[in-house]
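Quick one: the structure is below, questions incoming.
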Amino acid sequence: MKKNLFLIFFICSILKPSISFSLVEIDITRGNLDPMPIAVSPFFTNEDSNIKIKNILNIDNLGFEISKVIENNLEKTGLFDAIDKEAFLQKPDIAHLKPRFEDWTLIKSQVLITGKVTSKIINNKDYINVEFKLWDVLGAKMVDGFSLTTTPRSWRRVGHKVSDKVYERLTGESGYFDTRIIYVSEEGPKTQRVKKLALMDQDGFNTKYITLGNELVLTPRFNPADDKIITYMSYFRNMPRVYIVNLQTGEQKVVGDFRGMTFAPRFSPDGKKLIMSLAKDGNSEIWVRDLETNIQEKLTDHPSIDTSPSYSPDGKFITFNSDRSGYQQIYVMKSDGSKVKRISFGKGIYGTPVWSPRGDLIAFTKLHKGKFFIGVMRTDGTGERLLTENFYQEAPSWSPNGRIIIFYRETKSDNDGQGFSAKLWSIDLTGYNERLVKTETDASDPSWSSLLGN
Amino acid sequence: MNLNKILKNAFLVVMFGLIVTACATKKSVKTTDSTTSTTTTSAETQKADPIEKLDALMQGDVYVGSDTVGELASGVPDRVFFATNEIILTTASRETLRKQAAWLRQNSDVTVVVEGHADERGTREYNLALGERRANAAKDYLMTYGVSSDRIKVLSYGKERPVDSGSNPLSWSKNRRSVTVKAN
């Protein structure tokens, strides 16, 4: 692992916004059929800075590229419609100082984003300073902004941080753009699939491969309390076991000393515990291991298959699937293993329950009449809502703000195995805005990080 | 301060919206206490594509053909097949496993790995558990016929290593299997 994978941000100052807030707010609880027109001005970079930055990054116009990152993020929410930059009447530098609001009204923009990129040298090291302002065009006011200094190579993250700020300001919800997705990259024929752990920015850029593909790897998941730590399952030396990896140092260790296969790992919300399944002598049970004391404890005790555990965000409950009723169904228990209660009673079989970071919903996979669905239900099993139906899809993972679910979908193959693919998809909690998440290779088992720390 | 108030109000509006949409959703499914309603659907029973000569190759949905079947030793088949979501050994499976056990008793220096597999029509983690159960069902039977447990390791691959890459009931039936492989 490269050390510079995680870079340091300094937030220098928050530009003071004017007090009144007259922006149109966006209701993101419904499918948005009328996206808000938004203008993202290329961030202004002066000649001198431009030359220096080009020398470092080999990018001609970094300010323009940052504005594209923001535009792309906001458009993919389905809530915003970015206006073609060709239509802009005002130059980036002037707009950033003081927009001529009538020019932006004329092209029907309700919101304007401007910025400025300057190269800097601190202690003989190169940095970039990025200033950003969010303007309410109709109210003719600046409503938000910040300035931050960071290493040139993390310029895309600046774009993500701006996107988060804009999203938060306009929807009232926390953002999810400065995040990463860890997944399993897949290549080769179905019968000899080569799988590697892969890490990328939420928008599909900066892909890095964490393993080489020498052994089968499955189900990576972020530690919600530390985005540099993941857990996953590996068939290293043909011993299928759960591992924890520090992405920054590359340090890796097997979790616990179990006789039998450990799988289906997930961290507790505070990152101090790991829940997983242990399969031994034909029986799978759910175990928890305290990562500080190394004490491990069996939570379920039933001859059926108990697996796919996931904590509630307060850490008090665990949802999991079990076939103790005859077929896979979803259960909830207290985190000490007591008070087990089945919550799924609809038609079909239910698996892979994952608790929403907001705490109110559980996402799941459902199989009914030969079709696979991704859906959500309340934590008592009521209010089931199916978001998407397909030939095969599973493994939902929540965006950190609980608004979007990412999962993987496989296509049907013909008798020769042709036509098969595995891809990541995302869908809003509303059931709208279903999108292919672009990956360099085929992909499965996505896990969405929390908002990144430094 | 004013700003905070407005934001708070915006948040309330959003929360209210959430509640309303949650109530108004069309797709909500009535819950039922009946567990029997689930018994007709299972992970692997899709029969969308009828395949010719299916009856000859499958009994129920257990594969009974010889395609993909290798040999543990001469005249000793290496694998047995399972019904959808099942770990029960069929009559044919038991016959195969008795042959394996007899051969292993004669070759007492041989150790084996029993690999357990599932088809692609289930969730990954559940299938890992299911593969482990299938491998153990085969292991237990070998032990019943005199092979000591320290000579048999089990290894579940879940749905990760299909032998047949098709997406149809016949392909799936070949993939629901346990395979006994020599380990030394």
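Just so it is clear, the structure is predicted and the values come from calculations on it, not from any experiment. Every chain is numbered from 1, with letters handed out A, B, ... down the list of sequences.
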Segment of A/Pro309 engaging chain B (4.5 angstrom heavy-atom cut-off): neither
With a 4.5 angstrom heavy-atom cut-off, is it the side chain or the backbone of A/Glu285 that approaches chain B, or both, or neither? neither
In terms of side-chain heavy atoms, does A/Gln328 have a donor or acceptor partner in B/Thr123 at a distance below 3.5 Å? yes
Residues from residues 140-161 of chain B approaching chain A under 4.5 Å (heavy atoms): B/Leu155, B/Ser156, B/Tyr157, B/Lys159, B/Glu160, B/Arg161
At a 4.5 Å cut-off on heavy atoms, which part of A/Ser413 comes close to chain B: side chain, backbone, both, or neither? both
Please give me the minimum heavy-atom distance between B/Arg121 and A/Tyr392, naming the atom from each residue. NH1-CB, 3.7 Å
Decide yes or no for B/Ser167 and A/Glu410: does some side-chain heavy atom of the first lie under 4.5 Å from some side-chain heavy atom of the second? no
Partner of B/Tyr126 under side-chain hydrogen bond (donor to acceptor under 3.5 Å, both in side chains), chosen from A/Asp323, A/Thr307, A/Asn321: A/Asp323
Largest heavy-atom contact set with chain B, pairs under 4.5 Å, which of A/Asp445, A/Ile305, A/Thr191, A/Thr411: A/Ile305
Between A/Arg221 and B/Glu125, does any NZ, NE, NH1 or NH2 come within less than 4.0 Å of an OD or OE carboxylate oxygen? yes
For chain A, which residues of residues 177-184 of chain B have at least one non-hydrogen atom nearer than 4.5 Å to it? none
Here the gap from A/Ser277 atom OG to B/Glu132 atom CD, rounded to the nearest 0.5 Å, amounts to 10.5 Å
Taking A/Ser304's backbone N and O only, do any of them form a donor-acceptor pair with B/Arg133's side chain (distance below 3.5 Å, no angle check)? no
Chain B contacts, top residue of A/Leu216, A/Asn238, A/Leu218 (heavy-atom pairs, under 4.5 Å): A/Leu218
Least distance between heavy atoms, A/Glu394 atom then B/Arg124 atom: OE2-N, 2.9 Å
Would you mind checking which part of A/Tyr408 comes under 4.5 Å of any heavy atom in chain B, side chain (CB onward), backbone (N, CA, C, O), both or neither? side chain
Considering all heavy atoms of both residues, which atom of A/Phe391 and which atom of B/Glu120 are nearest to each other, and what is their separation? CZ-OE2, 4.2 Å
Against chain A, residues from residues 94-105 of chain B with at least one heavy atom under 4.5 Å, in numeric order, are none
Using a 4.5 angstrom heavy-atom cutoff, name the option from A/Met377, A/Gln192, A/Lys280 with the most pairs to chain B. A/Lys280
Compare every heavy atom of B/Ala129 with every heavy atom of A/Phe263, then report the nearest pair and how far apart it is. CZ-CB, 3.8 Å
Under the side-chain hydrogen bond (donor to acceptor under 3.5 Å, both in side chains) test, residues paired with B/Ser165 that sit two or more places apart: none
